[in-house]
Student: 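Sending over a structure as structure tokens; questions will come in a sec.
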Amino acid sequence: MAKKLLLFKAFLKKEFILFRRYLVNSIGGMLTIYVIFLLLLGSYRGLVGGGDHGDTVEQLVVGYVLWFFMLSTYQDVAYTLRREAKEGTLEQLYMSVHGFGWVMGAKAAAGFFVNSILVVILLRAVMVVTGSTLNIDLLSIVPITIFTLIGILGIGFTVGGLTLVFKRIESFTQMIQFALVALVAVDPQSVWWVRLLPGSYGASLVRRVMIGGAHLSNLGFWECAFFIVISLGHLGLGYGIYRLCERKAMSEGLLGHY
Amino acid sequence: MLKVESLQKTYPGRRGDPPVKAVDSVTFQVKEGELVGLLGPNGAGKTTIVKMICGLIRPDQGQVLINGFNMTSARSSALENISAVLEGNRNLYWRLTVRENLEFFAALKGKNPKTLTSDMEKYIDFFRLEEKINVEARKLSRGMQQKLSIAVAMIANSPILVLDEPTLGLDVQASNEIRVLLKRAVAEEGRTIILTTHDMSVVQDTCERAVIISDGRMIADDKVHNFLELFKAKVYQIRIRGHLTETQRLALLSMNEVAVESESHEGTVLSVRLEDPKILYDVFAVLGQENSFIESIDRQANNLERVFLEILRRSGGGGQETAVI
């Protein structure tokens, strides 16, 4: 396990080095995300008129921040595979003694760590600009968010695997960004099967905590267990699809090609 | 030790094309501390073999054993014993510095960069990268980048190194530097190295042994010295003014020992392998029929490139036009 920790630290260090080395670009990326939120907020207020919109603005804040977190997590896996193949380092990652699954796990964990910092900054900034108050109960929010993102990793692995085999599928991968908006937005309380979709159930639970003021203990054992099983199921399914694609890519000699 | 046993690989055909047999029952081994060249013309199957050795392509049949560990069934242990620099890849993170690349790839190979301080300094010194230690890889010269790629492959102390075209695209000085470093890696550290290259002089200069691949099959495996001895023959290069006539061409090419090396408006160059001295009289007779003007006759040194082409010619794998020793 100590070796896996080394791997995580190596990815984490790399993430921070690149963030610092290309600081202007990094800050530019964060500002873009922030400005997009302001535009969304402005458009929303323009559509519904002025006044107090209560929970709706808070829904927008939580939904947007969650979407950003899910998108970053998805891209950390799906885009990493494409970028590494393009840059000619994917095969070196495959030759790691840790196994490629662990390599991507460490990369995703390092990405989660960095993204968490960005999300906290973003959340704080949008809360200030909207004047919204949210229940920041970390003991409830952190585990729910982690399992929500674990489910999203499944999508990342699926798309990453398909990229290995089919290569240029950018239009498809970009579509996923918009699909994630829908996954965050839909309400699993109104349509039961929405709970089975990656990210949706977790997003509704985060909303219940942050907007509804609920605590993890209020959610109930079976609800939490169902949520965890669904999330792990998505990861397992995504990773399984990825392994099938990887097997095909390794069998046909497509691994490092892009 | 690296053992390649009965490797076979057939790629499925695409869009209705028939399947392509890339590697057909290739078997060879590389002993500890050996530097072996894997040679073959384009499309011979070298890269497929290299990638199967590295566990990046799954063989249809056969196995690769890295210090006794099967690359398929004991992948992790096998990968602890092998590192590679693959052709056509950067093998490095261009936005990381020399030191950061060394540290990152050491961790990827399961080594703690902090415990590798002395190794890090050793390889920085070995590859003469001291002055560039804090420079991003993308800002290095092509030769420096290649040296860093090899340093990155060596930093984890894997006993076996696979280098796919390590001197491709390098200038003469950088290529020579890489050759010296490879020889030192074997002599001073006992590394086992297998390299592929198109540059026969690299193999002749650095490798003890060469394995020659053509059309996916292994057609020769011997010491470089033995190859040169086996095909040792006097070769003469005859330069004539102008072009050959069609009659001359047919007559000369009917002789196994003769090849047309080049033909242009400046003149024609023939190579004649002097296994039997009588052949020179036959060549002169053909040239004399049309009063061809002989500008020079030079004796050529035997080299691995000629040996390689001759082996390919004899195996029927190509190189017929110019294969002469």
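By convention in this document, chain letters (A, B, ...) are assigned in the order of the sequence lines, proteins followed by strands, and residues within each chain are numbered from 1. We use all heavy atoms of the structure for the numbers below, so side chains are in, but hydrogens, waters and symmetry mates are not.
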Student: Does CZ in A:Arg243 sit with more than 12 non-hydrogen atoms of other residues, nucleotides or ligands closer than 6.0 Å?
Tutor: no
Student: Taking all non-hydrogen atoms of both residues, which atom of B:Glu136 and which atom of A:Arg21 are closest, and how far apart?
Tutor: OE2-CD, 3.4 Å
Student: Below 4.5 Å from any heavy atom of chain B, which atoms of A:Phe11 appear? Answer side chain, backbone, both or neither.
Tutor: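 For A:Phe11, the contact with chain B is made by backbone and side chain together.
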Student: Looking at A:Lys248, I'd like to know if its NZ atom is crowded, meaning that more than 12 non-hydrogen atoms belonging to other residues, nucleotides or ligands lie closer than 6.0 Å.
Tutor: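 12 or below, so no.
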Student: To the nearest 0.5 angstrom, please state how far the CG atom of B:Leu108 sits from the CE atom of A:Met95.
Tutor: 10.0 Å
Student: With a 6.0 Å cut-off (strictly less than), is the heavy-atom count around CD of B:Glu32, excluding the residue itself, greater than 12?
Tutor: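 No, because the 6.0 Å sphere around CD of B:Glu32 holds 12 heavy atoms or fewer from other groups.
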Student: Between A:Ile17 and B:Thr97, does a side-chain contact (heavy atoms from CB on, under 4.5 Å) hold up when you go through it step by step?
Tutor: CA-CA 10 Å; A:Ile17 286 170; B:Thr97 65; over 6 Å; no
Student: Return the minimal non-hydrogen interatomic distance between B:Glu80 and A:Val97, and the atom names on each side.
Tutor: CG-CG1, 3.3 Å
Student: Out of B:Glu103, B:Arg75, B:Met52, return the one with the most heavy atom pairs under 4.5 angstrom to chain A.
Tutor: B:Arg75
Student: To the nearest 0.5 Å, tell me how far B:Ile57 CD1 sits from A:Glu252 CD.
Tutor: 10.5 Å
Student: List the atom of A:Tyr94, the atom of B:Leu79, and the distance in Å for their closest heavy-atom pair.
Tutor: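 So the two residues come closest at O-CD1, 3.9 Å.
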Student: More than 12 heavy atoms of other residues, nucleotides or ligands under 6.0 Å from CZ of A:Arg83: is that the case?
Tutor: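 Enclosed.
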Student: Is A:His98 reaching over with its side chain to a backbone N or O of B:Ser76, donor-acceptor style, under 3.5 angstrom?
Tutor: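 Looks like no, no N/O pair under 3.5 Å.
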Student: Counting heavy atoms not belonging to B:Glu130, are there more than 12 under 6.0 Å from its CD?
Tutor: yes
Student: Using side-chain heavy atoms (C-beta onward) and a distance below 4.5 Å, is B:Asn91 in contact with A:Thr89?
Tutor: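 The answer is no; the side chains never approach within 4.5 Å.
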Student: Taking the side chain as every heavy atom from C-beta outward, state whether B:Lys109 and A:Ser96 have any pair of such atoms under 4.5 Å apart.
Tutor: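 They are not in side-chain contact.
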Student: Is any side-chain heavy atom of B:Glu100 less than 4.5 Å from a side-chain heavy atom of A:Lys14?
Tutor: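 In short, these two side chains do not touch, never coming nearer than 4.5 Å.
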Student: Between A:Leu90, A:Leu93, A:Val103, A:Leu7, which residue shows the highest count of heavy-atom pairs closer than 4.5 Å to chain B?
Tutor: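 Most pairs with chain B among the choices: A:Leu93.
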Student: Can you establish whether the number of heavy atoms outside A:Phe16 located under 6.0 Å from its atom CZ is more than 12?
Tutor: yes
Student: Should A:Gln92 and B:Phe105 count as side-chain neighbours, where that means a heavy-atom distance under 4.5 Å?
Tutor: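 Yes, close enough: below the 4.5 Å cut-off.
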Student: Less than 4.5 Å to any heavy atom of chain A: does that hold for the side chain of B:Ser83, its backbone, both, or neither?
Tutor: backbone
Student: So do the side chains of B:Lys51 and A:Leu255 get within less than 4.5 Å of each other, counting heavy atoms only?
Tutor: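 A side-chain contact under 4.5 Å is absent here.
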Student: Quick one: pull up CG in B:Asp60 and OG in A:Ser251 and give me the separation to the nearest 0.5 Å.
Tutor: 6.5 Å
Student: Ring of B:Phe104, cation from A:Lys13 - is the NZ or CZ under 6.0 Å from the centre and inside 45° of the axis?
Tutor: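 Not satisfied by the 6.0 Å and 45° rule.
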Student: Less than 4.5 Å to any heavy atom of chain A: does that hold for the side chain of B:Ala78, its backbone, both, or neither?
Tutor: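 The answer is neither part of B:Ala78.
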Student: Using non-hydrogen atoms only, which part of B:Lys9 is less than 4.5 Å away from chain A: side chain, backbone, both, or neither?
Tutor: side chain
Student: Please classify the contact between A:Leu6 and chain B as side chain, backbone, both or neither, with a heavy-atom cut-off of under 4.5 Å.
Tutor: both
